[in-house]
Protein chains: 2
Amino acid sequence: MVATQAKRADAQRSIAAILAASVECLSRNPEASVSEIAKAAGVGRVTVYGHFPNRADLVDATFARAIENGHAALEAVDLEGDPREALARLIDSSWMLVDRFRSLLTAAQDALPPGRIRTLHAGPMDRVERLVERGRAEGVFRTDLPVFWLVSVMHNVMHGAADEINAGRLDADDAGDFITATILAAFSTP
Amino acid sequence: MVATQAKRADAQRSIAAILAASVECLSRNPEASVSEIAKAAGVGRVTVYGHFPNRADLVDATFARAIENGHAALEAVDLEGDPREALARLIDSSWMLVDRFRSLLTAAQDALPPGRIRTLHAGPMDRVERLVERGRAEGVFRTDLPVFWLVSVMHNVMHGAADEINAGRLDADDAGDFITATILAAFSTP
DNA sequence: AGTAACTCGTACACGGGTGTTCGACAAGGG
DNA sequence: CCCTTGTCGAACACCCGTGTACGAGTTACT
């Protein structure tokens, strides 16, 4: 996040290229090899190892970066007002990210130690939880199920939508509405 | 499904042992090697290749068998009467299977050609779809979302519950109720 | 301009999995 | 009882990925 100091401009360019290629490759194929990523970055394989000790560390950095970017985009969403409308807005901005980074996520699941993903996810997660809690306090969201479960349902429905889109069974134009209609119904107090 | 004819009793025993070990190993580790499975079956690795040309074919057979067993168990569930109650009964019997074969599923996703899983899944899928359609016809399930989407939601919520259980965040005793409460709310006509 | 940092390609060692072959040795079926 | 069918272990060839080492060449900072 802070500019990597004491590194030559040369190296910084390489790192940027590697990270850019990494996010692109891993988003296409979660098992992309280091050679593949290096080639896509226009860089020698050895150079990659010069900046990232492991493949795991590279995946970690790539994933962390993607989360950071996504989080920044999501923070622009206004969560004030009617919780249902706020949730709809949040879903609208979120599901595309879930779709885009679907493959990168599985890469992270393979390469990163358990729990690491959740740690990186903590930031974006918090905002969702807070919104759900506010909705419960205002009586529009159900309180007979724990918050973590509701958040999990939201994640999984979005993830499922991404799979359906990827399989060609769901039109991307419909996804947002479908998810919103489903989640609002599932969250509403009975 | 039909008894493998023209095979010696010896070989049939081996095949059974391999399949049993395979389902057990792949349910623990989706990337279990052939050696591992052979060892667990108390059989030489070569013997496995004597019955299954590929690792992929072995996974296919294992997965198909698991589906078959699960399907048989699910067919015992009574789907008559109030669609909501029928759905609750179906969920109650289904989610444990999803949980148990969670890992085997990812093994299949890695090893099998795309679409193959869906083909194997077709049997159990049909019953769910028919139930949902009946619920819609009777006015208790929503019709503003396509059936395939509702079925997908149900799958993903169950799958998500399995993940939460596996991560130690969800008590298995709660899972059934949580899933049912969520899905019924999501399916009900608004 | 000179020095330290960086990159590149090749090559190597290593581990791991897959699928096949071979020969010797049981064990079932007719 | 004999012959087919299986099984076993070891060995082999193969492919692929990871991580490291080396030496030569290039690029940036001061």
Side-chain angles (χ1 to χ4, degrees), chain A residues 3-22 24-26 28-63 103-104 106-113 116, chain B residues 3-22 24-63 103-104 106-113:
Chain A
T4 321
Q5 71 240 38
K7 289 251 178 181
R8 243 170 53 177
D10 201 357
Q12 292 179 21
R13 241 182 297 133
S14 283
I15 293 178
I18 291 168
L19 248 35
S22 179
E24 195 209 345
C25 286
L26 292 176
R28 229 179 312 107
N29 171 22
E31 299 173 12
S33 66
V34 177
S35 320
E36 222 170 311
I37 294 170
K39 194 173 297 177
V43 141
R45 191 171 67 96
V46 201
T47 303
V48 175
Y49 281 104
H51 295 294
F52 302 93
N54 299 323
R55 183 182 182 280
D57 279 34
L58 174 56
V59 174
D60 190 300
T62 307
F63 186 67
S103 173
L104 177 57
T106 79
Q109 282 166 339
D110 292 348
L112 270 39
R116 177 67 181 148
Chain B
T4 321
Q5 70 241 35
K7 290 252 177 178
R8 240 169 55 177
D10 202 357
Q12 292 179 23
R13 241 182 297 133
S14 284
I15 293 178
I18 292 168
L19 249 34
S22 179
E24 195 209 344
C25 286
L26 292 175
S27 290
R28 229 177 315 105
N29 170 24
E31 299 174 13
S33 66
V34 176
S35 319
E36 221 170 312
I37 294 170
K39 194 172 299 179
V43 141
R45 191 171 66 96
V46 202
T47 303
V48 175
Y49 282 105
H51 295 297
F52 302 93
N54 301 324
R55 184 183 180 280
D57 280 34
L58 173 57
V59 174
D60 190 301
T62 307
F63 185 68
S103 172
L104 177 57
T106 79
Q109 282 166 339
D110 292 348
L112 270 40

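Worth saying up front: this structure is predicted, and the values here are computed from it rather than measured. Hydrogens, waters and symmetry mates are skipped; everything else that's a heavy atom, side chains included, is used. Lettering of chains follows the sequences in order, A, B, ..., and the numbering in each one begins at 1.
Comparing atom distances between the B:Val46 side chain and each of D:dA10, C:dC6, D:dT7 picks out D:dA10 as nearest. Side-chain proximity of B:Ala11 to the nucleotides C:dG19, D:dG6, C:dC8 is greatest for D:dG6. Of all nucleotides listed (D:dG19, C:dA5, D:dG6), C:dA5 comes nearest to the side chain of A:Arg8. You'll find that the side chain of A:Arg13 is closest to D:dA28, out of C:dT7, D:dA28, D:dG19. Of the candidate nucleotides C:dG17, C:dT7, C:dC6, C:dG17 has the atom nearest to the side chain of B:Ser33.
At whole-Å resolution of the value, OH in B:Tyr49 and C1' in D:dA10 are 16 Å apart. Distance, B:Lys39 NZ to C:dG16 P: 12 Å, rounded to whole Å. Atom CG in B:Asp110 sits roughly 15 Å away from atom P in C:dG17 (whole-Å rounding). Residue B:Asn29 contributes atom CG, which lies 14 Å from atom P of C:dG16 at whole-angstrom precision. Put simply, CZ on A:Phe52 is 19 Å from C1' on D:dG17, counting in whole angstrom units. What separates NZ of A:Lys7 from C1' of D:dC29 is a distance of 15 Å, to the nearest Å.
Residue A:Arg45 is classed as a base contact, given a heavy-atom separation below 4.0 Å to a base.
Checking side-chain atoms of A:Ser103 against main-chain N and O of A:Leu26 turns up a donor-acceptor pair under 3.5 Å.
Between B:Glu31 atom CD and B:Thr106 atom OG1 the span is 7.5 Å, to the nearest 0.5 Å. Put simply, CG on B:Leu19 and CD on B:Glu24 are 12.5 Å apart, with the number rounded to the nearest 0.5 Å.
The two residues B:Ala32 and B:Cys25 have their closest heavy-atom pair at CB-CB, 4.1 Å.
When the side-chain nitrogen and oxygen atoms of A:Ser14 are compared with OP1 and OP2 of C:dT7, one or more of them lie within a distance under 4.0 Å.
Between B:Thr47 and A:Asp10, the residue anchored nearer the 5' end of DNA chain D, judged by the nucleotide with its closest heavy atom, is B:Thr47. Residue-to-nucleotide proximity on DNA chain D shows that, of A:Glu31 and A:Pro53, the 5′-proximal contact is made by A:Glu31. Nearest-nucleotide positions on DNA chain C for B:Ala9 and B:Arg55 put B:Arg55 closer to the 5' end.
Checking each of B:Asp110, B:Ile37, B:Leu112 against B:Val59 for a side-chain contact (heavy atoms from CB on, under 4.5 Å) leaves exactly one that passes, namely B:Leu112.
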